[in-house]
Amino acid sequence: MTDPHWPRAGEWIAGDHQDTARLSLALLGAPVHKASISPSRADLAPAAIRAALNRFSVMDVRKDRDLRALRVADAGDLPVADLSPEDAFEPLSTKVRSLAAADTVVAILGGDNSVTRPGVHGTAALDRCGLITLDAHFDLRELDGGLTNGNPVRALLDDGVPGPHISQIGIQSFANSPDHARLATQEGIHVVDRDTVARQGIESCVEAELRRLGSEVDAIYVDFDVDVLDRSFSPATPGSRPGGITPLELQNAAYICGASPKVTVIDIVEVSPPDDIADVTVMAAAQIFLAFASGVVSRGQATST
């Protein structure tokens with residue numbers, strides 16, 4: 001049943017925004033998945049997340065905010081589902097660069113985590129770009145076998161992103177290699193592990209990293225790898241483990257990132273819809289996007305006050 005008094009987020013991304021909306025957000029599907037370490041159909045995630053948005057409203061009750069105050073342009077999906085990460089690099093980085101150049105915040109729906117490297121390249125000059133990952137893993141696997149969803153951070157270091165410009169939040173015990181942990185320390189990556197998040201609160205951790213990076217870079221890219229969630233909330237994410245963060249924590253992190261003017265591009269990755277249970281993972285991914293968008297709306301409100 002259609003209720004005209006219950007506006008759906010799916011209608012919002014299809015163009016139902018307020019005439020007075022000033023800020024813009026671009027939505028871009030990047031269904032890269034051919035080099036995932038674990039079997040995955042992450043190429044199906046952009047469509048599944050868009051469909052899930054029809055089950056949510058545009059009202060952020062906590063912030064008393066209507067998302068229709070933000071103009072959304074859905075750029076559709078890039079035709080990269082059959083490409084390797086190497087071949088998908090140029091079309092994805094070029095598209096992100098063109099969208100971001102229009103003074104628009106960009107949200108990429110992956111796909112697997114290999115989209116993070118071209119996304120960062122499209123955001124800003126590498127020596128002036130910060131990267132925050134909300135992820136259970138370092139993503140520092142070796143590059144000898146080519147690009148995968150397990151080595152985008154290693155590849156970005158190799159490309160020239162300074163280690164101190166990278167923050168990794170939510171890193172979990174028993175989910176990473178000792179060699180990769182040592183490499184993170186050696187490169188100066190700022191690691192905030194899951195236990196620290198539990199003690200200090202995700203809001204405090206994310207705000208601290210945004211402040212730290214904000215004084216050093218021109219723009220910040222945020223990678224939301226859904227495997228940072230506890231596995232009970234993300235059964236469709238191959239790399240998730242028990243002990244991860246909750247969907248509410250991740251929504252709060254997404255809101256804070258959305259509210260930061262330095263955050264210009266994000267991705268939401270590692271969702272394999274055929275492996276989901278009751279759509280819990282897909283819906284969690286949709287809520288990350290909605291919470292981020294609510295934070296972006298707050299930028300305009302701050303400007304007008």
Side-chain angles (χ1 to χ4, degrees), residues 13 25-53 74-96 99-100 105-123 131-137 139 141 147-153 155-156 170 221-229 234-240 250 253-254 257 263-276 281-293:
I13 67 166
L25 186 152
L27 188 62
L28 175 66
V32 184
H33 75 116
K34 286 295 187 180
S36 291
I37 295 171
S38 301
S40 169
R41 289 305 309 273
D43 57 311
L44 302 178
I49 295 170
R50 287 188 182 94
L53 290 171
D74 190 344
D77 292 356
L78 285 176
V80 294
D82 294 326
L83 301 183
S84 68
E86 288 85 354
D87 290 337
F89 174 85
E90 189 60 34
L92 181 49
S93 61
T94 299
K95 185 64 174 180
V96 171
L99 291 171
V105 181
V106 181
I108 304 168
L109 302 180
D112 66 29
N113 220 154
S114 66
V115 308
T116 299
R117 177 178 176 246
V120 169
H121 275 260
T123 299
L131 169 63
I132 294 177
T133 73
L134 287 111
D135 196 332
H137 307 99
D139 289 343
R141 289 176 182 262
L147 298 175
T148 70
N149 63 335
N151 59 23
V153 177
L156 285 166
Y221 183 104
V222 182
D223 162 39
F224 293 96
D225 183 336
V226 181
D227 75 17
V228 75
L229 290 174
S234 57
T237 303
S240 64
L250 196 51
C257 291
V263 176
T264 57
V265 185
I266 69 164
D267 66 41
I268 302 170
V269 298
E270 295 294 337
V271 177
S272 179
D275 302 316
D276 216 354
T281 317
V282 170
M283 292 181 75
Q287 285 184 300
I288 296 168
F289 170 68
L290 294 172
F292 176 76

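Predicted model, so just to flag it, every value in this text is computed and none were measured.
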Below 4.5 Å, heavy atoms only, C-beta onward: do [X] and [Y] meet side chain to side chain?
X    : Y    : answer
T148 : S36  : no
F89  : L83  : no
L156 : L131 : yes
L109 : L28  : no
V105 : V263 : no
V226 : T281 : yes
L92  : V80  : no

Nearest-0.5 Å distance, CG of residue L53 to CE of residue M283: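 Going from the CG atom of L53 to the CE atom of M283 covers 10.0 Å.
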
Looking at [X] and [Y], what are the two nearest heavy atoms and their distance?
X    : Y    : result
A136 : D227 : N-OD1, 3.3 Å
R117 : A155 : CD-CB, 3.6 Å
P273 : A48  : CG-CB, 3.7 Å
L229 : A284 : CD1-CB, 4.0 Å

Just checking, any donor-acceptor pair under 3.5 angstrom between side chains of [X] and [Y]?
X    : Y    : value
D225 : H137 : no
N113 : D223 : yes
S114 : N149 : no

Test side chain to side chain contact (heavy atoms under 4.5 Å, CB included) applied to V32 and D43, step by step: CA-CA 6 Å; V32 184; D43 57 311; over 6 Å; no

Ring pair (Phe, Tyr, Trp, His ring centres under 6.0 Å) partners of F224, counting only residues at least two apart: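 By the ring pair (Phe, Tyr, Trp, His ring centres under 6.0 Å) rule, F224 matches no residue at all.
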
Worked check of salt bridge (Lys or Arg N to Asp or Glu O under 4.0 Å) between K34 and D112: CA-CA 9 Å; K34 286 295 187 180; D112 66 29; over 6 Å; no

Between the main-chain N or O of [Y] and the side-chain N or O of [X], is there a donor-acceptor pair closer than 3.5 Å?
X    : Y    : answer
T237 : E270 : yes
S240 : S234 : yes
S84  : D87  : yes
S272 : R41  : yes

Salt bridge (Lys or Arg N to Asp or Glu O under 4.0 Å) against R141, all qualifying residues, sequence neighbours excluded: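 Salt bridge (Lys or Arg N to Asp or Glu O under 4.0 Å) list for R141, sorted by chain: empty.
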
Side chain to side chain donor-acceptor pair (under 3.5 Å) partners for S40, two or more places apart: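 S40: no side chain to side chain donor-acceptor pair (under 3.5 Å) contacts found.
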
Side chain to side chain contact (heavy atoms under 4.5 Å, CB included) evaluation trace for L25 with F292: CA-CA 10 Å; L25 186 152; F292 176 76; 4.1 Å; yes

Chi angles and distances behind the side chain to side chain contact (heavy atoms under 4.5 Å, CB included) call for T116, Y221: CA-CA 9 Å; T116 299; Y221 183 104; 3.8 Å; yes

Residue from V96, L27, I266 passing side-chain contact (heavy atoms from CB on, under 4.5 Å) with I108: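 One option only clears the test, and that one is V96.
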
